[in-house]
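Remarks on the structure that follows.
Since the model is a prediction, treat every value here as computed from it, not as a measurement.
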Amino acid sequence: MTVLLAIAASLVLALVASACGSDSKSSSSSSSSGGSAKKNAAIKKNPANASKSVTVGSKNFTEQFILGEIYAQALKAAGYKVKKDLNLGSEQIAYKALKGGQIDGYPEYTGTSLTSFFKLKTDKVPRDPAKAYQLAKADYAKQGITALPITQFENTYRIATTAKLLKSDFHNAKKLSELKPAEVSSKRFAGFPECRQRTDCYLGLQQRYHLKPKFVSTQQAYEALDKGQAELGAVFSTDGKLAGGKYKVIEDDKGLFPPYQISFGIKTTKLNSLGPDAKKTIIAVQKNLTLKNMRNLNQRVDVNKEKPADVAKFYLQSFGFVKG
């Protein structure tokens, strides 16, 4: 077996095994020994849906491509005519497409909805995911959009370091509150340029935790960690690179970062016209979208260079939503 095939096989095992809820001491954060993925009830194809069409959209990065494919393939399995528009661009472009009828629905993050569309200041976003969702849901309803229930996982900002540095420089700290300001002041923090002035990034790190590392402006936090240009970095919680053991997240235990769960937003009139199967299907396929599984799905695309459509199909088949 070639190296690439070996990697692919290990990633398949990692995602399937993560559904069992046990961890391994191997390099994959989701690997486990023994058992298999618990199967869900397969999506039933309803002939009554054959005449009903729905256009699923997404924004323009890996996780969105995967999610868009998961929802689209699931709805197709339920019998709907499905069209895809999965490379719309930024959240503003996607939201405009939704309101304008270019698409019928797409997955959006609650924190993004509240701050970008409904102009809630970051510091005012509830740190409780359910409360943030209810606020977004109410605002969407005023626009004739139904925000369906949120996923288990969220893709929010996180502070990461390497496993080696966590042990040697940060005393294996699990929480940001465990870091010592005096020690961190001599460290460097890699973040995207806007992070420096954001209260949910570098500025907030100082305000909430009194941590003041030197700021290193970069779009490549992992590269900065690898090259010794920084000891800490701003990353996203579902990054595929976090699926292995090389990097470690130091948890935000004081609510620095707002919640960013996914809610599939769909035009209310369209949802009603599709009948009950659409809502049921979308909610059902989110059941296994845990943090571990989302990281593994992203890893398959970003690291192993698989196609989002294939990865989405793998997810749906692995957990029994569709048959292989």
Is it true that Thr199 and Asp123 share a donor-acceptor pair across their side chains at a distance under 3.5 Å?
yes
Got Leu67 and Ser58 here, is their nearest side-chain heavy-atom distance under 4.5 Å?
no
Please check: side-chain N/O of Tyr95 versus main-chain N/O of Phe117, any donor-acceptor pairing under 3.5 Å?
no
Kindly state whether the ring of Tyr140 and the ring of Phe118 have centres lying under 6.0 angstrom apart.
yes
Short question: side chain of Tyr80, backbone of Leu274 - any donor-acceptor pair under 3.5 Å?
yes
Are Phe189 and Leu225 linked, directly or through intermediate hydrophobic residues, by side-chain heavy-atom contacts shorter than 4.5 Å (ILVMFWY only)?
no
Measuring only between side-chain heavy atoms, which start at C-beta, is Leu148 closer than 4.5 Å to Leu271?
yes
Tell me whether Lys52 at atom NZ has more than 12 heavy atoms from other residues, nucleotides or ligands lying less than 6.0 Å away.
yes
Backbone N/O of Tyr133 and side chain of Thr110: donor-acceptor pair under 3.5 Å
no
Side-chain heavy-atom pair Leu135, Pro126 within 4.5 angstrom cut-off
yes
Strictly distance-based, threshold 3.5 Å: is any side-chain N or O of Asn46 a donor or acceptor partner for the main-chain N or O of Ala48?
yes
Regarding Tyr247 and Asp226, is there a side-chain donor-to-acceptor distance under 3.5 Å anywhere?
yes
Mind listing the side-chain donor-acceptor pairs of residues 214-223 below 3.5 Å, one per line with the distance, residues two or more places apart or on another chain?
residue: Thr218; atom: OG1; partner: Gln220; partner atom: N; Å: 2.9
residue: Tyr222; atom: OH; partner: Asp239; partner atom: OD2; Å: 2.7
residue: Glu223; atom: OE2; partner: Lys227; partner atom: NZ; Å: 2.8

Are Arg198 and Leu203 side-chain neighbours, meaning at least one heavy-atom pair lies under 4.5 Å?
no
Do you know which two heavy atoms are closest between Gln92 and Ser116, and how far apart they sit?
NE2-O, 3.1 Å
Do the side chain of Thr62 and the main chain of Asn298 share a donor and acceptor less than 3.5 angstrom apart?
no
With distance as the sole test, does Thr55 use its side chain to make a donor-acceptor pair with the main-chain N or O of Gln102 at under 3.5 Å?
no
Looking at Gly228, is its backbone amide N or carbonyl O close enough to the side chain of Arg188 to form a donor-acceptor pair, meaning the two atoms are under 3.5 Å apart?
yes
Do you reckon Phe61 sits in the same ILVMFWY cluster as Ile262, going by side-chain contacts under 4.5 Å, direct or chained?
yes
Decide yes or no for Phe170 and Glu183: does some side-chain heavy atom of the first lie under 4.5 Å from some side-chain heavy atom of the second?
no
Ring centres of Tyr157 and Phe236 under 6.0 Å apart?
yes
Take Ser177 and Asp253, measure what side-chain hydrogen bond (donor to acceptor under 3.5 Å, both in side chains) needs, and give me the verdict at the end.
CA-CA 7 Å; Ser177 62; Asp253 55 315; 2.4 Å; yes
Using the rule that Ile, Leu, Val, Met, Phe, Trp and Tyr join whenever any side-chain heavy atoms are under 4.5 Å apart, tell me whether Tyr209 and Phe257 fall into a single cluster.
yes
Can Leu297 and Met294 be said to form a side chain to side chain contact (heavy atoms under 4.5 Å, CB included), step by step?
CA-CA 5 Å; Leu297 293 172; Met294 198 67 243; 4.1 Å; yes
Would Ile145 end up clustered with Tyr109 when hydrophobic side chains under 4.5 Å apart are linked, directly or stepwise?
no
Under a 3.5 Å distance rule, please check whether Thr161 uses its side chain to pair with a backbone N or O of Glu231 as donor and acceptor.
yes
With a 4.0 Å cut-off on N to O distance, would you call Glu108 and Lys59 a salt bridge?
yes
Under a 4.5 Å cut-off applied to non-hydrogen side-chain atoms, are Tyr106 and Gln64 in contact?
yes
4.5 Å side-chain heavy-atom contact, Ile70 and Leu289
yes
Sequence neighbours left out, what passes side-chain hydrogen bond (donor to acceptor under 3.5 Å, both in side chains) with Lys187? Give chain and number order.
Asp169
Under 3.5 Å side-chain donor-acceptor pair for Thr112 and Glu91:
no
What heavy-atom pair brings Leu256 and Leu205 nearest, and what distance separates the two atoms?
CD1-N, 3.9 Å
Quick one: CG on Asn293 to CZ on Arg295, what's the gap to the nearest 0.5 Å?
11.0 Å
If only atom types and distance count, is the side chain of Thr268 paired as donor or acceptor with the main-chain N or O of Gly144 below 3.5 Å?
yes
NZ on Lys279 to OG1 on Thr146, rounded to 0.5 Å:
7.5 Å
Working for side chain to side chain contact (heavy atoms under 4.5 Å, CB included), residues Phe65 and Val301
CA-CA 10 Å; Phe65 296 148; Val301 175; over 6 Å; no
Flag side-chain contact, heavy atom, 4.5 Å: Gln299 against Asn296
yes
Can you check whether Gly255's main-chain N or O pairs, donor with acceptor, with Arg127's side chain at less than 3.5 Å?
yes
Given Ile93 and Asn60, is the side chain to side chain contact (heavy atoms under 4.5 Å, CB included) satisfied, shown in steps?
CA-CA 10 Å; Ile93 296 174; Asn60 60 346; over 6 Å; no
Could you walk me through whether Phe321 and Tyr315 pass the side chain to side chain contact (heavy atoms under 4.5 Å, CB included) test, one step at a time?
CA-CA 8 Å; Phe321 296 112; Tyr315 167 79; 3.9 Å; yes
